[in-house]
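A short worksheet on the structure shown next.
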Amino acid sequence: MFIMNLAESTSPLRVAIIGSGPSGFYAAEALFKTGMSVTVDMFERLPTPFGLLRGGVAPDHQRMKSIASAYEKIAMNDGFHFFGNVCIGRDLTIEELRHYYDALIFACGTESDRKLGIPGEDLPGSHTATEFVGWYNGHPDYQSRQFDLSQKAVAIIGQGNVAIDVTRILAKSPSELMSSDITENALVALRNSNVEDIYLIGRRGAAQAAFTQLEIQEMGELDESEPVVPELELNDADRDEIAANNKARKNIEVLERFFNSSLSGKKKRVHVLFLKSPVAIEGNGRVERLVLEKNALSGEAGSQRAQGIGETETLNVGLVFRSIGYRGLPMPGVPFDPARGVFPNEGGRILDEGKPVCGMYVTGWIKRGPSGVIGTNRKDSIETVQTLIDDIPSLKPADKRDSDDLQSLLLERGVKVLTFSHWQTIDKLEREAGEKVGKPREKFTSLTDILSALHL
Ligand code: NAP
């Protein structure tokens with residue numbers, strides 16, 4: 001039998017990337033930048049590319065969304081092919097993919113959420129931030145979700161930048177949202193919203209808040225809403241943390257300003273509460289109250305933990321958003337670490353019970369957990385691609401050296417594969433529709449609408 005040696009082969013290295021978010025595109029970029037002859041087929045379960053950049057990054061942060069133009073350039077490489085609307089694990093198995101590719105890179109992100117594990121977490125009116133963010137960002141999975149914005153008081157649990165995004169979207173006026181690419185459906189619902197008091201709740205103190213300065217500062221720059229910081233306690237370890245940590249110092253500067261300013265009577269308020277943990281969500285058939293326990297911090301500066309002190313208080317809120325971090329989901333045929341919700345790996349090389357799995361790699365949030373900004377994924381993907389390149393001498397070459405019959409196989413299975421050129425048409429249509437109403441774009445929010453616009 002002829003055994004090909006990839007290190008000496010003149011045939012292009014064949015790589016499948018599963019997921020088309022930032023980490024997937026940065027992995028493709030890193031592969032092309034090696035200067036090797038390489039084919040990259042990128043698989044995406046949604047009909048459109050860019051993952052969290054399209055469906056997660058806040059619609060009113062358009063400057064961040066403009067990174068997509070860099071990904072479009074990567075997609076213009078001759079060796080790049082986009083397979084949109086193809087779900088790995090459903091339309092194609094990992095086993096099947098391995099016949100077509102020398103290496104697989106998983107860049108499928110963390111599509112689920114951490115749980116609080118408290119009574120009432122699943123009451124109607126208690127939602128994950130993921131659902132709300134997906135809904136206003138036009139993610140097809142979340143378009144049927146309903147959020148009762150007739151409520152006056154809303155609690156957001158967690159103080160990361162996702163919690164801040166949710167807060168800001170609830171706090172902004174309709175005219176502030178008009179320059180975003182928030183969906184029309186969400187814009188109408190938010191225009192009719194009765195929300196007046198938004199509680200942003202952190203289990204630890206101000207020095208440990210996960211948000212960043214620019215994001216918290218924006219709470220003080222909104223037309224119809226103003227920030228309230230009712231208490232700002234700092235212990236000795238907090239002061240050491242602030243001295244040692246720029247991010248904490250900058251956050252505290254903003255929070256002190258909020259703490260020292262008086263209310264000017266705007267329509268809405270964002271209450272930033274520290275040292276409180278939710279212990280129950282209560283209500284008769286739906287959310288009516290959130291029970292919080294007051295916490296104290298213990299431990300060394302830099303690793304302080306929150307501990308309940310047994311004192312509780314009740315916040316009357318009709319809506320709760322849980323924003324306590326994302327979690328990866330398992331994929332059939334890929335090792336999974338259920339404790340961390342990631343694919344176990346070393347430098348991006350997937351491990352099964354501690355041993356490397358030949359030809360399988362991972363990058364982005366499903367590699368390291370849900371942390372960092374978009375650019376963090378670039379460094380992460382460069383590391384993974386370097387690991388893959390180092391492994392080339394030991395990779396088992398794919399037995400099929402092109403993807404033609406993969407296309408036929410998908411067609412036989414009734415999968416309508418969408419190409420990058422399809423995406424470019426959708427992108428143009430969305431921008432044109434947005435222009436008519438003064439928005440950057442009006443998104444298609446379902447596969448059916450996309451297929452119909454493409455006459456497929
Ligand atoms: P995150 O930054 O990890 O924040 C999670 C928050 O949930 C923290 O405040 C955490 O508190 C809290 N939390 C976790 N478990 C909890 C529990 N059981 N009870 C109460 N609170 C709990 O996560 P994220 O907001 O989902 O953001 C994910 C990543 O995306 C972050 O790196 C973020 O910076 C990034 N992001 C950036 C932007 C931007 O740059 N504008 C926008 C959105 C997201 P502890 O600190 O005590 O654990």
Side-chain angles (χ1 to χ4, degrees), residues 21-23 51-65 67 109-119 121 126 128-134 136-137 155-169 180 199-219 238 241 245 247-248 250-251 272-281 290-299 302-308 320-328 340-342 364-377 379-380:
S23 62
L52 264 193
L53 189 66
R54 178 174 165 97
V57 167
D60 58 337
H61 280 177
Q62 285 296 312
R63 208 151 49 106
M64 187 101 80
K65 297 237 184 209
I67 299 176
T110 49
E111 292 200 89
S112 181
D113 306 270
R114 289 194 196 127
K115 295 283 280 181
L116 276 171
I118 60 170
E121 185 163 8
S126 165
T128 60
T130 309
E131 293 169 88
F132 191 56
V133 169
Y136 62 61
N137 255 326
I156 296 163
I157 299 166
Q159 290 184 330
N161 280 332
V162 171
I164 293 272
D165 283 346
V166 169
T167 304
R168 198 179 58 254
I169 295 298
S180 76
Y199 296 89
L200 183 63
I201 301 164
R203 62 178 167 181
R204 295 193 289 161
Q208 296 80 36
F211 49 64
T212 40
Q213 181 211 9
L214 286 181
E215 281 64 26
I216 187 68
Q217 194 167 283
E218 230 183 318
M219 296 298 123
D238 288 341
E241 282 181 31
N245 178 332
K247 172 183 169 242
K250 289 180 178 172
N251 278 348
V272 191
L273 309 184
F274 297 107
L275 295 164
K276 293 181 201 301
S277 278
V279 289
I281 301 174
L290 175 65
V291 184
L292 296 169
E293 181 176 10
K294 190 162 168 44
N295 292 328
L297 293 176
S298 65
S303 56
Q304 295 193 81
R305 295 174 70 87
Q307 272 180 337
V320 171
F321 292 107
R322 290 140 24 220
S323 183
I324 60 165
Y326 296 101
R327 226 188 106 76
R340 291 191 56 224
V342 297
W365 280 6
I366 194 65
K367 171 186 177 187
R368 66 177 193 276
S371 66
V373 292
I374 302 263
T376 317
N377 295 299
K379 193 164 160 259
D380 202 0

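Read the numbers this way: they start at 1 and go in the same order the structure lists the ligands and their atoms. One-based numbering along the sequence shown. The figures that follow rest on heavy atoms only: side chains count, while hydrogens, waters and symmetry mates do not.
For the pairing with Glu215, the side chain to side chain contact (heavy atoms under 4.5 Å, CB included) check across Ile164, Val162, Thr167 returns one residue only, Ile164. The side chain to side chain contact (heavy atoms under 4.5 Å, CB included) test with Val133 is passed by exactly one of Val166, Thr128, Val57: Val166.
Between Asp113 and Arg322 there is no salt bridge, since no side-chain nitrogen of the basic residue lies less than 4.0 Å from a carboxylate oxygen of the acidic one.
In this structure, CZ on Phe321 lies 11.5 Å from OG1 on Thr130, to the nearest 0.5 angstrom.
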So what's ligand 1 close to, N/O to N/O, under 3.5 Å?
residue: ligand 1; atom: 9 (O); partner: Gln159; partner atom: N; Å: 3.0
residue: ligand 1; atom: 15 (N); partner: Arg203; partner atom: NH2; Å: 3.4
residue: ligand 1; atom: 25 (O); partner: Asn161; partner atom: N; Å: 3.4
residue: ligand 1; atom: 25 (O); partner: Val162; partner atom: N; Å: 3.1
residue: ligand 1; atom: 32 (O); partner: Gly372; partner atom: N; Å: 2.8
residue: ligand 1; atom: 32 (O); partner: Gly372; partner atom: O; Å: 3.3
residue: ligand 1; atom: 34 (O); partner: Asn161; partner atom: ND2; Å: 3.3
residue: ligand 1; atom: 41 (N); partner: Glu215; partner atom: OE2; Å: 3.0
residue: ligand 1; atom: 46 (O); partner: Arg204; partner atom: NH2; Å: 3.0
residue: ligand 1; atom: 47 (O); partner: Arg203; partner atom: NE; Å: 2.8
residue: ligand 1; atom: 47 (O); partner: Arg204; partner atom: NE; Å: 2.8
residue: ligand 1; atom: 48 (O); partner: Arg203; partner atom: NH2; Å: 2.8

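Side-chain atoms of Arg305 and Asn295 include no donor-acceptor pair closer than 3.5 Å. Side-chain contact annotation: Asn161 with Thr212, donor-acceptor N/O pair under 3.5 Å present.
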